[in-house]
Enquirer: 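Let me give you the structure first, and then I'll get to my questions.
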Protein chains: 2
Amino acid sequence: MLRVTKLADYGIVMLTYLAANRESTYTARDMAKIVQLPLPVVSKVLKLLGKAGLLTSQRGTKGGYSLARDPQEITVATVIRALEGPIAVTECIAVNRDCNLELGCPVRTNWHLINHAIQSALEKITLAEMTKPLNQSLVCLNLPVPETASKNLDISYERQQQH
Amino acid sequence: MLRVTKLADYGIVMLTYLAANRESTYTARDMAKIVQLPLPVVSKVLKLLGKAGLLTSQRGTKGGYSLARDPQEITVATVIRALEGPIAVTECIAVNRDCNLELGCPVRTNWHLINHAIQSALEKITLAEMTKPLNQSLVCLNLPVPETASKNLDISYERQQQH
DNA sequence: TGATACTGGACCGTTTTAGTACTGTTTATT
DNA sequence: AATAAACAGTACTAAAACGGTCCAGTATCA
Ligand code: FES
Ligand code: FES
């Protein structure tokens with residue numbers, strides 16, 4: 001469905017909060033209160049983020065979590081990977097099997113490039129940037145296929161359509 | 001899981017095939033044979049694509065499907081929307097509700113921009129381009145946040161990491 | 001020593017997806 | 001007109017993923 005899981009969503013929100021308040025540490029209970037989510041859920045997310053090395057954790061009394069790296073060093077892509085595994089837009093990218101097309105799949109290599117493009121985009125957005133509203137966002141995806149090299153360079157938002 | 005559904009995957013493959021063979025029409029049974037997928041599945045996808053106006057369908061004997069528009073006019077984004085609804089990277093983008101954060105969600109507006117970026121990228125890739133392998137694909141996502149305006153302009157693929 | 005808080009993993013209900021089936025309608029052919 | 005081929009619509013089932021919970025274990029500090 002081209003959608004990020006809720007856990008990843010939660011993770012981004014929590015990490016963004018921690019990025020904005022770097023000095024102190026927060027316990028899972030704290031975060032649950034802040035994010036207004038059930039404790040077990042928050043705990044699960046924090047555990048995963050800790051295991052991925054994005055958070056440092058301190059056990060025992062006075063324990064809690066805090067950001068392990070600079071907010072500029074943590075990208076949205078990294079968070080997503082930490083919480084839901086490798087970013088793979090299609091299944092055949094995740095597991096490297098071929099689809100059932102007769103003579104090999106023609107779109108496969110293109111899916112790889114699309115996947116790479118999306119991943120690369122997510123890789124460029126850091127937690128530091130998530131803390132403050134991005135005032136502008138432009139995507140230019142250049143596809144210098146021989147015939148259509150020029151017409152893909154312009155940025156057109158008008159074609160957007162919703163259901 | 002930031003993944004496109006199988007139906008959408010199938011749809012892209014089939015449409016790409018039809019784009020490469022525009023002259024003739026193909027029945028669902030034909031396509032099932034070509035794509036090596038069960039007929040009911042293929043049929044379902046083709047029906048949805050027909051309803052979305054991407055395919056013209058002819059009933060009765062000698063019936064079948066064929067592309068309704070020029071391959072250059074059909075984008076990957078359109079196909080995905082036809083088969084799995086609006087593109088929404090997070091749930092709070094799909095339904096316009098606020099998450100449970102105390103003072104409104106700080107990352108929400110940023111998610112909107114990210115979603116827009118991805119959608120915009122998918123909007124730029126047409127079926128015509130899917131038929132032939134894209135030899136190159138560059139993404140530059142400009143995020144001219146005051147402080148970090150310049151450093152986001154470079155294109156760095158080195159940071160990619162997999163699980 | 002006890003209370004607090006993270007760690008790890010299993011667990012289960014719900015939702016979504018994937019795939020099937022069936023009934024009806026259109027159309028070309030005979 | 002009869003027939004067969006093929007799409008249209010919808011309902012249904014099975015499987016997988018997700019969202020969320022729970023508990024037993026371990027580390028830490030007062
Ligand atoms: S290999 Fe995945 S669609 Fe062909
Ligand atoms: S509104 Fe969706 S994460 Fe806050």
Side-chain angles (χ1 to χ4, degrees), chain A residues 1-11 13-14 18 24-33 35-66 68 80 83-86 88 90-92 94-95 99-100, chain B residues 1-11 13-14 18 24-33 35-66 68 80 82-85 88 90-92 94-95 99-100:
Chain A
M1 189 211 289
L2 203 51
R3 181 165 304 179
V4 99
T5 61
K6 284 194 179 182
L7 254 49
D9 193 355
Y10 301 160
V13 174
M14 289 194 261
L18 290 175
S24 50
T25 78
Y26 292 86
T27 155
R29 198 174 301 270
D30 293 340
M31 291 307 297
K33 182 145 232 166
V35 191
Q36 294 282 61
L37 249 39
L39 175 57
V41 177
V42 169
S43 184
K44 185 182 203 171
V45 173
L46 291 174
K47 270 185 278 190
L48 285 169
L49 293 175
K51 180 143 65 177
L54 275 59
L55 294 176
T56 57
S57 60
Q58 177 69 18
R59 296 216 233 192
T61 320
K62 296 282 184 180
Y65 294 94
S66 63
I80 292 177
L83 292 172
E84 54 185 39
T90 63
E91 189 182 339
C92 25
V95 302
C99 77
N100 301 330
Chain B
M1 188 212 291
L2 201 53
R3 183 166 303 179
V4 99
T5 60
K6 284 193 179 183
L7 254 49
D9 193 355
Y10 300 159
V13 173
M14 288 194 264
L18 290 175
S24 50
T25 78
Y26 293 85
T27 151
R29 197 173 301 271
D30 293 341
M31 291 308 295
K33 182 145 231 166
V35 192
Q36 294 283 61
L37 250 38
L39 174 58
V41 176
V42 169
S43 185
K44 185 184 203 170
V45 173
L46 291 174
K47 270 185 275 190
L48 285 169
L49 293 175
K51 180 143 65 177
L54 274 62
L55 293 176
T56 56
S57 60
Q58 177 69 19
R59 296 218 234 193
T61 319
K62 295 282 185 182
Y65 294 94
S66 62
I80 293 177
L83 292 173
E84 54 185 38
T90 63
E91 189 182 341
C92 25
V95 301
C99 75
N100 301 328

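Bear in mind that the values here come from a model prediction, so they are computed numbers and not experimental data. Proteins get letters first, then strands, A, B, ... in listed order; numbering begins at 1 in each.
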Enquirer: Atom CZ of Arg3(A) and atom P of dT16(C): how far apart are they, to the nearest Å?
Expert: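 About 9 Å, once rounded to whole Å.
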
Enquirer: Between residues 38-53 of chain A and DNA chain D, which residues have a heavy-atom gap below 4.0 Å?
Expert: Pro38(A), Pro40(A), Val41(A), Lys44(A)

Enquirer: Could you tell me whether the phosphate oxygens of dT7(C), OP1 or OP2, come under 4.0 Å of any side-chain nitrogen or oxygen in Tyr65(A)?
Expert: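 Looking at the OP1 and OP2 atoms of dT7(C), one of them is under 4.0 Å from a side-chain N or O of Tyr65(A).
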
Enquirer: Which listed nucleotide (dC7(D), dT16(C), dT26(D)) is nearest to the side chain of Ser57(B)?
Expert: dC7(D)

Enquirer: Under a 4.5 Å cut-off applied to non-hydrogen side-chain atoms, are Tyr10(B) and Val35(B) in contact?
Expert: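 The answer is no, as the side chains (C-beta and beyond) never meet within the 4.5 Å cut-off.
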
Enquirer: For the backbone of Gly64(A) and the side chain of Thr27(A), can you confirm whether one donor and one acceptor N or O come within less than 3.5 Å of each other?
Expert: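 Side chain of Thr27(A) to backbone of Gly64(A), a donor-acceptor pair under 3.5 Å: no, none is there.
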
Enquirer: What is the distance, to the nearest angstrom, from the CG atom on Asp9(A) to the C1' atom on dG20(D)?
Expert: 16 Å

Enquirer: Can you measure Met1(A) atom CE to dA17(D) atom P for me and round it to whole angstrom units?
Expert: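 After rounding, the reported distance stands at 14 Å.
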
Enquirer: Would you give the length of the straight line joining atom CZ of Arg29(A) to atom OG of Ser43(A), rounded to the nearest 0.5 angstrom?
Expert: 10.0 Å

Enquirer: How close do Val45(B) and Leu83(B) get, heavy atom to heavy atom, and via which atoms?
Expert: O-CD2, 4.1 Å

Enquirer: How bent is the helix from dT1(C)-dA30(D) to dT30(C)-dA1(D), measuring the angle between the end axes built from five pairs each, rounded to 10°?
Expert: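 Nearest ten degrees gives 10° for this helix.
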
Enquirer: Among the nucleotides dA6(D), dT27(C), dC6(C), which one has an atom lying closest to any side-chain atom of Thr61(B)?
Expert: dT27(C)

Enquirer: What are the two closest non-hydrogen atoms of Ala8(A) and Glu84(A), and how far apart are they?
Expert: CB-OE1, 3.8 Å

Enquirer: Take atom NZ of Lys62(A) and atom C1' of dT4(C), then tell me their distance rounded to the nearest Å.
Expert: 11 Å

Enquirer: In whole Å, I'd like the distance from the NZ atom of Lys6(A) to the P atom of dG13(C).
Expert: 19 Å

Enquirer: How many whole angstroms separate atom NZ of Lys33(A) from atom P of dA5(C)?
Expert: 13 Å

Enquirer: Taking atom P of dG19(C) as reference, at what distance in whole Å does atom CG of Leu37(B) sit?
Expert: 7 Å

Enquirer: Less than 4.5 Å apart, side chain to side chain, heavy atoms only: is that true for Thr25(A) and Gln58(A)?
Expert: no

Enquirer: Does dA17(D) have its OP1 or OP2 closer than 4.0 Å to a side-chain nitrogen or oxygen of Thr5(A)?
Expert: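 So the side-chain polar atoms of Thr5(A) never come under 4.0 Å of the phosphate oxygens OP1 or OP2 of dA17(D).
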
Enquirer: So, the side chain of Thr56(A) versus the backbone of Ser66(A): is there a donor-acceptor pair under 3.5 Å, distance only?
Expert: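 The answer is yes, because a donor-acceptor pair under 3.5 Å joins these two groups.
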
Enquirer: Which nucleotide, dG20(D), dA3(C), dT7(C), lies nearest any side-chain atom of Tyr10(A)?
Expert: dG20(D)

Enquirer: Has the side chain of Asp9(B) got a donor or acceptor atom that lies under 3.5 Å from a matching backbone atom of Lys6(B)?
Expert: no

Enquirer: For Gly53(A) versus Ala68(A), what's the shortest heavy-atom pair and its separation?
Expert: O-CB, 3.4 Å

Enquirer: Taking CZ from Arg59(A) and C1' from dG25(D), how many angstroms apart are they, rounded to a whole number?
Expert: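 After rounding, the gap between these two atoms is 9 Å.
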
Enquirer: Pick the nucleotide of DNA chain C nearest each of Gln58(B) and Leu7(B); which residue has the one closer to the 5' end?
Expert: Leu7(B)

